[in-house]
Amino acid sequence: MNFETESVLVLLGELKTIILAVDKDLKVQFTDDALCKKLGIDDCNLTGEDIRNILPPYIIQKYNIIPAIKTVFESDNDLEIHNLIYSDTPYNKVTVFDIEMKRIVKEIPLVLLLINDVTRRAKKEQELLLLFELSYLMQESNDLDKLSYLILTAVTAGHAFGFNRAFLLLVDTEKKFLKGRMALGPTSSEEAREIWAQVSRKSLKELLLTFNKLNSKEELPLFPVVEKFVYRMKSLPDIIKKSLEQKEVVRASRFDEKIKEKKIFDILEVDEFIVIPLMSDERTFGVIFADNIFNRAPISEDDFEKINIFADFSSLAIKGVMEYRRLENRKRELEEYQKLINRLKNTLRFSEKLSTLSETVAYIAHEIRTPLSNIGGFASGILRKPDDLERVRKNAGIIADETKRLERLLDRAITFVKGPEIHLSLENINDTIIDIVESMANDLHEKDIIITKSLDSNLPLIPIDRDRIKQGLLNILRNAIHTMEKGGEIRIKTTEEKDFIKMEIEDNGKGIPKEILHNIFNPFFSTKRRGLGLGLTITQKIMNAHGGFIKVESEVGKGTVFSVFLLKKKENNKSETGTRAQEHKAQG
Amino acid sequence: MEKVMVVDDDEGIRCLYEQVLTDDGYEVILACDGLEAVEIFKKVKPNIVILDIRMPGMDGIELLGKVLDMDRKLPVIINSAYSMYKNNFLTWMADAYIIKSSDLTELKLKIRELLDPKKK
């Protein structure tokens, strides 16, 4: 080695970086004390040693150190390898290196290896990444248990804060108690080693997946321990109070005389732990206890700043979850109210139905009772005087009439319940109308009512059930006659209107007051003394069954116009006409 | 002969009551609605009146008021197919409320009782 080489190396020896110089045969030509210290060798004469014997084989292999050195020799270009990670301690104490390889001077056949310990820098970077990852994961979780698990994982994961165990205590909803909620960590050293071996290879996100396999937080091995922490908010232990008051991490040592409450140490079975406060603004959510029970590693205050930041966004996340829960509760409450309202609505509908039903029963009772008492009464009359033939004949006649009356009542009731059965045939509606008017001639004459017909002679035949339509129109006419106590005129008009044939029945009777117009199709609605209130209901059912509908216009003192629309073709789109019928019912 | 007035819009009922009450020895006066009843009442004074409630024109309750205006002491029986009018206090003015039935025993007993209070 010539002088120049020697002087360069001496100069380099002044620097703090580990320096190695190797020749083409990979033999160390120079090294400094830093390396010896790092390797724990007292006699630092490594000159002539093969570099492969000095650097850990793991590093040499993983980062291709030898080919790299050869490349530098051959190409004369410098080369840098960053973030070589090395770990030889059981608890994941990691060292991170950068290695720079340089030819110092072309003429000198040496490659200089500058090894910088960048662990602190790498750790800082790692921490930033971790905090970022954590905050991201926390934002994602809206389940308090999952968030608790995440926070505790961060406190215990080796690549995060690396505490042996962590205990989460949260303030209950009534804000009366601070209670142990969840704890993470092994229960023994053996378990610890096993867990750490697994944990060190997993990312936070992967660690969180184990949460999903968990049935309940009570399953976690440390739950029996964390369960023991129950404090009244009014009388919190000093150390917790201190942490909450200062709003930062505090270290608690059993040997600190200022700390009188030693129970926590006993429960945790440690002499030292930290209290991490979880709070936002003035609201306290809880605290975390963290300790190093297994490796007894001293808790360094270096990490406190980082933990405080972590505590801040953990608190924010908890606050978020609480808000979310509150909103969820509110939502659930609203849903409950909605359900209640719906139930009440149903009850109301049901009781409306019931009241209609009870009205039905009352009407039917009346309608049945009168003829029934007549039948019974006249039958008794016969029994009393069976020899009075004239009376027997008369009473039997009345009994027969009353029986017919009951049958008619039953027919109407059945039609009403079942809806009319329809047997269609092609008919001219005008003929039907003429028939009806003829059949009513006597009534009309008696009541001094004239009927004027204006029938369109070009109407097409339409598919109808003639008898049903007759029944339906008859009900309308009877109603009209009923409103014309002093006689008057009924006008009947037929026309074609698009897909329908329209029949107008116009009277100049009393008219129907607006307040009751919407009721006229309702069952059991009647203004007649003896009316069952089913006439127009049945009429409407009949017209609907034909795919038609009824429209009503009325003015008190002037009269009423019933417009009945019947479909011309058989291919009646039921749903469409149904809707139309509804609309017109609403109008009516 | 004691006169019983029957006011009912149902022809069957009128006919039945006429038959049964005539058999029992009463003179029966029939009216098919309130208006007719009032007209008859002006000419003939019955000893007792049997009223239906649901009738066209003037209903039984209105008629009850009119009848009692004319003769405060006249016994009146309300005879209806409905029991619901029992709760209508206007019907309390009547002396009895009997629901229509093919068995007229109750009605007959009531008539007897009201016409002959001393027998009670």
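Below, chains carry the letters A, B, ... as their sequence lines are ordered, and counting in each starts from 1.
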Problem - Contacting moiety of I398(A), where chain B heavy atoms sit under 4.5 Å - result: side chain

Exercise for the section: Go through the side-chain N and O atoms of E2(B) and N47(B) and say whether any donor and acceptor fall under 3.5 Å apart. Expected result: no

Problem - Check: T105(B)/D103(B) side-chain N/O donor and acceptor closer than 3.5 Å - result: yes

Problem - Basic-acidic side-chain contact under 4.0 Å: D443(A), R478(A) - result: no

Problem - Greatest number of heavy atom pairs closer than 4.5 Å to chain B - which of G377(A), P371(A), A379(A) - result: G377(A)

Fill in the blank from the handout: Minimal heavy-atom distance between G511(A) and T560(A), with the atoms involved, is CA-OG1, 3.6 Å

Problem - D401(A) portion near chain B, given a 4.5 angstrom heavy-atom threshold - result: neither

Problem - Toward chain A, the part of I13(B) with a non-hydrogen atom under 4.5 Å - result: both

